[in-house]
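Below is one structure, written out as structure tokens, with a few remarks after it.
As a basis for the values below, the full set of heavy atoms in this structure was taken, side chains included, without hydrogen atoms, waters or symmetry mates. Chain letters run A, B, ... following the sequence lines, proteins first and then strands; every chain starts at 1. All figures in this text were calculated on a predicted structure; none of them were measured in a lab.
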Protein chains: 2
Amino acid sequence: MNSRTTENYLKAVYRHSRANSSGNVSLGIIAGDLGVTPGTVTQMMKHLSGRDLVVYESRRGAALTDSGERAALDIIRRHRLIELFLVEVMGLDWADVHDEAEELEHVVSDRLIARMDEMLGHPARDPHGAPIPSASGVLKSGQTRRLAECETGTYRLIQVTKETSGFLEWLSEYKFFPGSIFDLHHIDSMGGTLSLGLSGQNKKIVMSIEAAGSLLVEEAG
Amino acid sequence: MNSRTTENYLKAVYRHSRANSSGNVSLGIIAGDLGVTPGTVTQMMKHLSGRDLVVYESRRGAALTDSGERAALDIIRRHRLIELFLVEVMGLDWADVHDEAEELEHVVSDRLIARMDEMLGHPARDPHGAPIPSASGVLKSGQTRRLAECETGTYRLIQVTKETSGFLEWLSEYKFFPGSIFDLHHIDSMGGTLSLGLSGQNKKIVMSIEAAGSLLVEEAG
DNA sequence: ATCAAAGTTTAGGTTTTGATAACTATAAGT
DNA sequence: ACTTATAGTTATCAAAACCTAAACTTTGAT
């Protein structure tokens with residue numbers, strides 16, 4: 001079994017290995033993410049390397065092995081199923097479930113996870129639109145774009161990648177959720193803002209391009 | 001916050017402080033219960049004493065303080081609500097929920113516990129019939145008797161105190177659950193068995209008096 | 001070639017939990 | 001009362017799981 005800390009390191013490596021094309025994560029990034037000193041990460045990577053969870057070459061960064069990736073996807077699956085369970089079955093607000101899931105993901109048994117999956121009808125996405133890995137460790141993410149990088153046009157919100165409760169609450173005030181269809185009206189790149197309107201609503205939403213970096217969308221005819 | 005281990009010690013002290021009339025638990029009993037050596041318990045009691053969770057006098061045993069009892073009842077409340085939630089909402093078998101709850105009780109947030117309580121309609125008892133302490137830390141247990149100490153007559157099963165999955169499965173085979181009404185037909189004190197029949201069923205149940213020690217009943221009719 | 005940034009190493013520390021084993025107090029029997 | 005058995009205590013040690021500090025080494029860029 002992996003300790004809670006180990007699981008969190010695996011998640012962190014996984015998160016950042018998307019960014020770099022090589023799939024190698026520089027350890028400083030992990031250190032920054034987890035709030036520990038670089039030396040701690042070096043040690044931990046050696047440890048994980050000994051357990052065959054990461055491949056780690058000195059100063060070259062780290063990448064997950066197959067079994068490391070399986071472990072990471074398993075935790076992510078747990079996390080996302082738990083989040084969805086808390087929202088759908090227990091009626092919690094989507095802005096509140098992240099921290100709870102962060103704890104529970106390390107503790108809930110496989111059987112209970114399987115039961116949640118069943119109760120939720122083998123869902124594809126969590127409340128924030130993040131895809132849920134299958135039990136066998138397959139994650140399918142459709143092709144989406146960051147709203148921050150889109151031209152004006154009509155889009156569907158697919159996923160919110162920043163799970164700060166403040167930001168999520170702000171989105172709910174506009175009833176702007178994954179699935180929502182909207183028009184990106186105007187981009188003010190000098191002012192650093194963009195404005196959009198939800199279909200079927202008059203109110204205009206203005207947000208920073210920076211914030212729009214955490215909204216993943218797809219084109220909607 | 002209390003660590004998982006601390007919480008388990010508190011539960012153990014609570015469990016055994018019912019038995020002794022003085023409310024003082026001898027440390028050897030805790031050691032046996034938790035599977036650690038006596039020295040470890042002494043140390044731990046000093047530690048808990050320093051945190052004002054138990055009152056501990058050398059060689060006199062330990063008892064919970066008010067705040068220790070509050071903490072213990074809080075964990076017991078969590079445990080029992082979680083068990084009931086797993087059975088009622090998630091459809092798990094009553095024989096399977098103990099271990100899961102044993103893990104979750106240390107991790108689930110207060111908010112989630114409150115939500116479970118609400119979803120379950122502020123239940124009074126867990127799936128094994130054990131009373132659930134209120135959020136304010138009040139535990140009301142009706143007056144029950146051990147089946148092992150009853151004369152022949154008609155009774156209602158209130159609580160099963162031994163949560164071994166084997167025993168619970170055995171009870172379910174007879175559909176013998178908390179709430180079931182039955183006739184205690186015959187007591188064979190020499191053979192060490194008793195036999196009873198569930199109302200509305202013909203099959204007779206024979207069990208050891210020892211096993212009947214973990215069934216709490218009240219007179220019915 | 002030099003320098004800054006990034007990463008590594010070493011040595012050490014904390015917390016939490018536990019064991020061992022010698023010692024001591026208490027209670028019980030003769 | 002004296003011995004013995006039982007239970008509990010003490011002091012010491014240990015190990016796992018984390019982490020830091022700070023000096024040192026690469027690496028890549030200017």
| said: Is it the case that the side chains of A:Gln43 and A:His47 hold a donor-acceptor pair, with the cut-off being a distance below 3.5 Å and no angle test? | reply: no
Quick one: is [N] close enough that its OP1 or OP2 comes under 4.0 Å of any side-chain N or O from [X]?
X       : N      : value
A:Ser3  : D:dC18 : yes
A:Thr42 : C:dG7  : no
B:Thr40 : C:dA19 : yes
B:Lys46 : D:dT9  : no
B:Ser58 : D:dG8  : no
A:Tyr9  : D:dA17 : no

Which one, [options], comes nearest to the side chain of [X]?
X       : options               : value
A:Leu27 : D:dT9, D:dT20, C:dT8  : C:dT8
A:Met44 : C:dG18, D:dG8, D:dC18 : D:dC18
B:Arg59 : D:dC18, C:dA19, D:dT9 : D:dT9

| said: If you go through the side-chain atoms of A:Gln43, does one of them form a donor-acceptor pair with the base of D:dA17 closer than 3.5 Å? | reply: no
Please give, in whole Å, the distance from [N] [atom2] to [X] [atom1]?
X       : N      : atom1 : atom2 : result
B:Glu7  : C:dT16 : CD    : C1'   : 15 Å
B:Ile29 : D:dG8  : CD1   : C1'   : 13 Å
A:Met45 : D:dC18 : CE    : P     : 12 Å
B:Ile30 : C:dT17 : CD1   : P     : 16 Å
A:Asn8  : D:dC19 : CG    : C1'   : 15 Å
A:Leu34 : D:dC18 : CG    : P     : 12 Å
A:His47 : D:dC18 : NE2   : P     : 8 Å
B:Arg51 : C:dT15 : CZ    : C1'   : 13 Å

| task | Return the 5'-most residue of the pair A:Arg60, A:Gly35 with respect to DNA chain D, ranking by each residue's nearest nucleotide. | result |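 That would be A:Gly35.
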| More 5' along DNA chain C: A:Gly39 or B:Thr37, using each one's nearest nucleotide? |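 Its nucleotide being nearer the 5' end, the pick is A:Gly39.
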| query | How is A:Thr5 classified with respect to the nucleic acid when contacts are heavy atoms under 4.0 Å: base, sugar-phosphate, or nothing? | reply |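 Touches sugar-phosphate only.
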| task | Name the nucleic acid region contacted by B:Gly28, choosing base, sugar-phosphate or nothing; use a 4.0 angstrom heavy-atom cut-off, strictly under. | result |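 Contact class for B:Gly28: sugar-phosphate only.
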| task | Inspect the contact between A:Arg115 and B:Glu100 and indicate whether a charged nitrogen and a carboxylate oxygen are less than 4.0 angstrom apart. | result |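 Salt bridge absent between B:Glu100 and A:Arg115.
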| message | Less than 4.0 angstrom from a charged side-chain N to a carboxylate O is my criterion; do A:Arg78 and A:Asp110 meet it? | response | yes
| query | Counting N and O atoms only, with roles assigned by atom type, does the side chain of A:Arg146 sit under 3.5 Å from a partner on the main chain of A:Leu216, one being a donor and the other an acceptor? | reply |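 Side chain of A:Arg146 to backbone of A:Leu216: no pair is present.
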| task | Measure the acute angle between the ring planes of A:Phe85 and B:Phe85, then classify it against the limits of 30° and 60° as parallel, tilted or perpendicular. | result | perpendicular
| said: Out of the candidates A:His106, A:Arg51, A:Glu7, only one should pair with A:Asn2 under the side-chain hydrogen bond (donor to acceptor under 3.5 Å, both in side chains) rule; please name it. | reply: A:Arg51
